[in-house]
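Letters A, B, ... mirror the listed sequences (proteins, then strands); counts begin at 1. Note that the structure is predicted; figures quoted are calculated from it, not measured.
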Amino acid sequence: MSNVIEELRWRGMLHDLTPGIEDHLTNGPRSAYLGFDPTADSLHIGHLVGVMTLLHFQRSGHKPYALVGGATGMIGDPSFKSTERNLLNKETLQHNVECIKRQLTKFLDFSSDKKNRAELVNNYDWMAGYSFLDFIRDIGKHITVNYMMAKDSVKKRLEDGSGLSFTEFSYQLIQGYDFYYLWKHHQVTIQLGGSDQWGNIVTGTELIRRIEGGNAYALTVPLVTKSDGTKFGKTETGNIWLDAKKTSPYAFYQFWINVSDDDAARYIKIFTTLTKDEIESLIAEHQKAPHHRALQKALGREVTVLVHGLQEYQTALKATEILFGKSSAEELASLDEKTFLQIFEGVPMAEVSKLSLHEPSDPVVFLTDVTGAFPSRGEARRMLQQGAVQINKIRWNEHQPVTKNQILNGRYMLIQKGKKNYFLIKLV
RNA sequence: GGGGAGAUUCCAGAGUGGCCAAAUGGGGCAGACUGUAAAUCUGUUGCGAAAGCUUCGGAGGUUCGAAUCCUCCUCUCCCCA
């Protein structure tokens, strides 16, 4: 059994710990849990930090519990959110829980017969049948309102005047009870979470102490930040999801490739299981030749393989090479249809009748009216004038008509706006 | 309940009867430079080839002409009770 605390520490994944946890962990295999809120039907890369934390526990010989918040998701965690959340309906929630469960099984070992195989639990299972009256008698009795109000997450809402409903206020008690329940029935002694969860977790350890005089521990992981101060895990287009349907493996890989140098050095420790030596040599390599972006490439490879598998990674890599590589125009033309489609999976596509190309077309009209690649002619013209448009990797201008010669593979055409935006046209 | 301020193009924020598709800043997009980075510089940012058209919380009205004036409505914020 290896020292998981040490592991997390060098990876920059330790924010806060309750005293005694290190001894507790070194004196034998323990069970630790981390909760996921089913707010959407997929996890996003922000959740990956939690997943990795659990993974490190498992690799160190401890038993991880991944909790899906079927019950807590019905309430909404007020922690560090400025306004009351809208409640999701039960069907959505149920659907989300199922989706998240399926995703989690990819990352941790849930199936082996090892003693420390991961377990998946849903707090709905023990909360659903718990009557309100019983709950406030059995559990609520042990925690004072003063204690609950003193939490930063609650205090903030009271101070700034936005307030919070009783529903949200009671969230920490439900989460605290989860911990108690897992402690009591599954010998889970540690709760893991993001740094925003500290207050909620400690309510749990407090409950365990007051009800049973038992010991339980908290460990939190710092919130992942970006060096430029913007929010991690978001792009202009939205969250980076783990579900390939919501964020294509290509887009996913691209996200990591585009991470800044400073961030890459931090992220590679958090999001990959590469060893300390491997990471240090990558960092050294990157410093010697930053333009090769060894860190970003390794990061992209590791995380994409972890989330989507080797094959998807290779396709994403190939797509990247073709879209950003050197001899692209010829390479693009040489692709067979199958590879071509694989590479451009997830790229917006329009189907256009072949008839529209019987005559050479004015590029402005073709790119807007005919294909919808641009929302307005003005924009298409502007882009063409600025030299921002490429057709099949060849820079295009507004006087260059589009003809049949631009058709690839008998029916495709690749429109590129700027460096990173693609649009596919399929002739039918 | 009383009093006051306000709602402008993605955001912030000017404009207070024609010169306003609307200053300026931010953001976005693009180009150059690079490493698909950062920083920087440049261009661009309602639709339309143009004439022109649609836009300044909503609905009406005054006027040759309204983001700007009037009426009503909706919403937001502040102060007092």
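Here B:rC19 sits opposite no nucleotide as a Watson-Crick or G-U wobble pair (both hydrogen-bonding atom distances under 3.5 Å). Across every strand in view, B:rA51 sits unpaired, with no contact that passes the Watson-Crick or G-U test at under 3.5 angstrom. In a base pair of the Watson-Crick type (N1 to N3 plus N6-O4 or O6-N4) or a G-U wobble (N1-O2 and O6-N3), with each distance short of 3.5 Å, B:rA5 is matched with B:rU76. With both pairing distances under 3.5 Å, B:rC69 is matched to B:rG61 as a Watson-Crick or G-U wobble pair. Pairing for B:rC10 is with B:rG26, a Watson-Crick or G-U wobble pair whose two hydrogen-bonding atom distances lie under 3.5 Å. Pairing for B:rC41 is with B:rG31, a Watson-Crick or G-U wobble pair whose two hydrogen-bonding atom distances lie under 3.5 Å.
Nearest heavy atoms, A:F423 versus A:T371: CZ-O, 3.6 Å. Closest approach of A:N123 to A:G70, counting heavy atoms only: OD1-N, 3.1 Å.
Annotation: B:rC79 and B:rG15 have their C1' atoms spaced 28 Å apart (nearest Å). For the P atoms, the distance linking B:rC19 with B:rG65 amounts to 14 Å, nearest Å. Nucleotides B:rC33 and B:rA39 place their C1' atoms 11 Å apart, quoted to the nearest Å. With P as the reference atom, B:rU76 and B:rA30 are 38 Å apart, rounded to whole Å. Of the C1' atoms belonging to B:rU62 and B:rC69, the separation is 8 Å, rounded to the nearest Å. When the C1' atom is used for both B:rG17 and B:rA66, the distance is 6 Å, rounded to whole Å. When the C1' atom is compared between B:rC77 and B:rC70, the two are found 25 Å apart, to the nearest whole Å. Rounded to whole Å, the P atom of B:rU42 lies 23 Å from the corresponding atom of B:rG35.
For the pair A:D369 CG and B:rC47 P, the computed distance is 13 Å after rounding to whole Å. Per the geometry, CD belonging to A:Q385 stands 11 Å off P belonging to B:rA49, to the nearest Å.
Side-chain contact of A:Q191 with A:Q197: a donor-acceptor pair under 3.5 Å is absent, judged by distance alone. Using modelled atom types, one finds no donor on one side chain facing an acceptor on the other under 3.5 Å when comparing A:E7 with A:S2.
In A:Q385, the CD atom is crowded: over 12 heavy atoms of neighbouring residues, nucleotides or ligands sit closer than 6.0 Å.
A salt bridge does not link A:E285 to A:K288: none of the charged nitrogens lies less than 4.0 Å from a carboxylate oxygen.
Here A:D262 lies out of heavy-atom contact (under 4.0 Å) with every strand.
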### Query
In the 5'-to-3' direction, what one-character label does each nucleotide of nucleotides 31-44 of chain B receive under the scheme B = base within less than 4.0 Å of a protein heavy atom, S = sugar-phosphate only, - = no such atom?
S--BBBS-----BS
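For A:K63 and A:F57, the positive end is not near the middle of the six-membered ring at less than 6.0 Å and at most 45° from its axis.
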